[in-house]
Number of protein chains: 2
Amino acid sequence: MNVENSKSQMRKGMLEYCILLLLKSGPAYSNDIIRSLKEANMIVVDGTLYPLLSRLKKDGLLGYNWEESTQGPPRKYYRLSPAGREWLESLDVAWEELTQTVSMLKESHRRADADGNREAETDNNEQNNQ
Amino acid sequence: MNVENSKSQMRKGMLEYCILLLLKSGPAYSNDIIRSLKEANMIVVDGTLYPLLSRLKKDGLLGYNWEESTQGPPRKYYRLSPAGREWLESLDVAWEELTQTVSMLKESHRRADADGNREAETDNNEQNNQ
DNA sequence: TTTACTACCTTGCAAAACAAAGTAGTAAAA
DNA sequence: TTTTACTACTTTGTTTTGCAAGGTAGTAAA
């Protein structure tokens with residue numbers, strides 16, 4: 001278990017949000033998305049992306065159309081559906097809440113002894129084994 | 001599939017970070033943590049929390065000591081270990097990176113046509129079924 | 001006609017949140 | 001004393017999801 005693991009865990013939950021954000025500024029196909037996310041420090045591989053795009057499509061948040069490529073097979077260009085835009089607005093709110101939550105916790109906003117029962121600084125019964 | 005699901009997904013990845021953040025300001029036992037997180041809009045139940053605390057303990061990020069309670073069974077008060085503090089600092093950095101990433105994406109920082117191959121607005125081959 | 005490349009898709013695995021059920025000890029009520 | 005309620009900690013099974021790895025197929029250059 002290393003820190004990278006925890007970091008990627010933090011990124012995980014944001015993947016869906018980031019993809020919707022990205023598609024907000026225009027259609028894109030898998031490689032566009034992977035490249036853009038990589039530039040933004042979100043590491044994604046196609047084995048992760050394709051199932052996610054399929055799910056978002058199935059849920060009606062995305063649509064796509066095939067486009068010929070000058071060099072290689074045709075590409076699926078995904079774009080936000082109207083439902084996807086609404087969804088994204090909800091996630092914008094969720095993101096705001098999340099940043100607020102973290103800010104709160106950073107400012108030690110915790111009510112330190114709401115039940116008047118905190119003597120944990122005493123060192124009896126110390127246990128650090130296992 | 002509803003928006004709440006996506007929202008909770010966003011929160012999920014942050015749970016570990018929030019708990020470490022919370023413990024930074026002092027020891028706490030399960031109920032303290034659940035209550036504090038609830039106040040900060042992070043919904044957690046004990047079936048989620050206990051395994052997570054055990055894992056963090058096992059990884060050496062937390063220590064605990066038993067405390068008698070005036071009303072009920074004794075409690076495990078968890079606190080950050082020195083390793084936990086270092087870990088938390090790394091996650092602070094990760095959090096910064098994450099907020100930066102989202103900001104970037106929000107500002108449509110995507111290079112819209114890096115390979116000069118974007119005509120996806122044309123509507124041939126429209127596909128929106130299942 | 002091969003070989004390389006690109007794009008899309010699928011499968012199996014591991015991690016983790018969560019619900020739900022379980023254990024055990026304390027204290028108040030009967 | 002015995003029962004009941006409460007609190008705290010633990011465990012089990014399910015579901016979701018990211019991801020590695022492998023697979024298919026079509027295009028184009030060698």
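Please read all numbers here as calculations on a predicted model, not as lab measurements.
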- Task: Looking at every strand, decide which applies to Ser30(B) at a 4.0 Å heavy-atom threshold: base, sugar-phosphate, or nothing.
- Result: sugar-phosphate

- Message: On DNA chain C, does the nearest nucleotide to Lys12(A) precede the nearest nucleotide to Tyr50(A) from the 5' side, or the other way round? Give the residue.
- Response: Tyr50(A)

- Query: Considering Watson-Crick and G-U wobble pairs with both distances under 3.5 Å, what does dA30(D) pair with?
  - Reply: dT1(C)

- Message: How many whole angstroms separate atom CG of Leu49(B) from atom P of dA20(C)?
- Response: 18 Å

- How about Tyr64(A) and Tyr78(A): are their ring centres within less than 6.0 Å of each other? yes

- State the pairing partner of dC9(C); accept Watson-Crick or G-U wobble contacts with both distances under 3.5 Å, and report none otherwise. dG22(D)

- On DNA chain D, check which nucleotide each of Gly13(A) and Tyr78(B) is closest to and give me the residue with the more 5' one. Tyr78(B)

- Task: For Trp66(A) and dA25(D), give me the distance from atom CH2 to atom C1', rounded to whole Å.
- Result: 11 Å

- Task: Check the distance between dT6(C)'s P and Asp32(A)'s CG and give it to me in whole angstrom.
- Result: 14 Å

- Tyr50(B) and Ser30(B) side chains, donor-acceptor separation under 3.5 Å: yes

- Side chains of Glu4(A) and Lys7(A): does their closest heavy-atom pair fall under 4.5 Å? yes

- Once you round it to whole Å, what is the distance between P of dA17(C) and CD of Glu4(B)? 18 Å

- Query: Where is the tightest heavy-atom contact between Glu16(B) and Gln9(A), given as atom of each residue plus distance?
  - Reply: OE1-OE1, 3.7 Å

- Of the listed nucleotides dC19(D), dC18(C), dA7(C), the one nearest the side chain of Leu15(B): dC18(C)

- Item | Nearest-angstrom distance from the residue atom CD of Glu16(A) to P of dT17(D) | 8 Å

- Item | Length of the OH-C1' vector between Tyr77(B) and dT7(D), whole Å | 12 Å

- Kindly say if Gln71(A) contacts the phosphate of dT27(D), meaning a side-chain N or O under 4.0 Å from OP1 or OP2. no

- Task: Indicate, with a heavy-atom threshold strictly under 4.0 Å, whether Asn31(B) touches base, sugar-phosphate, or nothing.
- Result: sugar-phosphate

- Query: How many angstroms lie between atom CD of Glu68(B) and atom CZ of Arg75(B), to the nearest 0.5 angstrom?
  - Reply: 11.0 Å

- Task: Provide, to the nearest angstrom, the distance between the CD1 atom belonging to Ile19(A) and the P atom belonging to dT17(D).
- Result: 13 Å

- Evaluate the criterion side chain to side chain contact (heavy atoms under 4.5 Å, CB included) for residue pair Trp95(B) and Met14(B); output intermediate values, then yes/no. CA-CA 9 Å; Trp95(B) 170 249; Met14(B) 309 304 301; 3.2 Å; yes

- Query: Given dG18(D), is OP1 or OP2 found less than 4.0 Å from the side-chain N or O atoms of Thr48(A)?
  - Reply: no

- Query: Looking at the side chain of Arg75(A), which of dC9(C), dT10(C), dA7(C) is the nearest nucleotide?
  - Reply: dA7(C)

- What's the CE-P distance between Met42(B) and dA16(C), to the nearest Å? 15 Å

- Of dT7(D), dC9(D), dC8(C), the nucleotide closest to the side chain of Tyr29(A) is dC8(C)

- Task: Measure from the side chain of Lys76(B), starting at C-beta and using heavy atoms only, and say which of dT10(D), dT6(C), dT7(D) lies closest.
- Result: dT10(D)

- Candidate nucleotides dC8(C), dT6(C), dA17(C), ranked by approach to the side chain of Asp46(A) - the nearest: dC8(C)

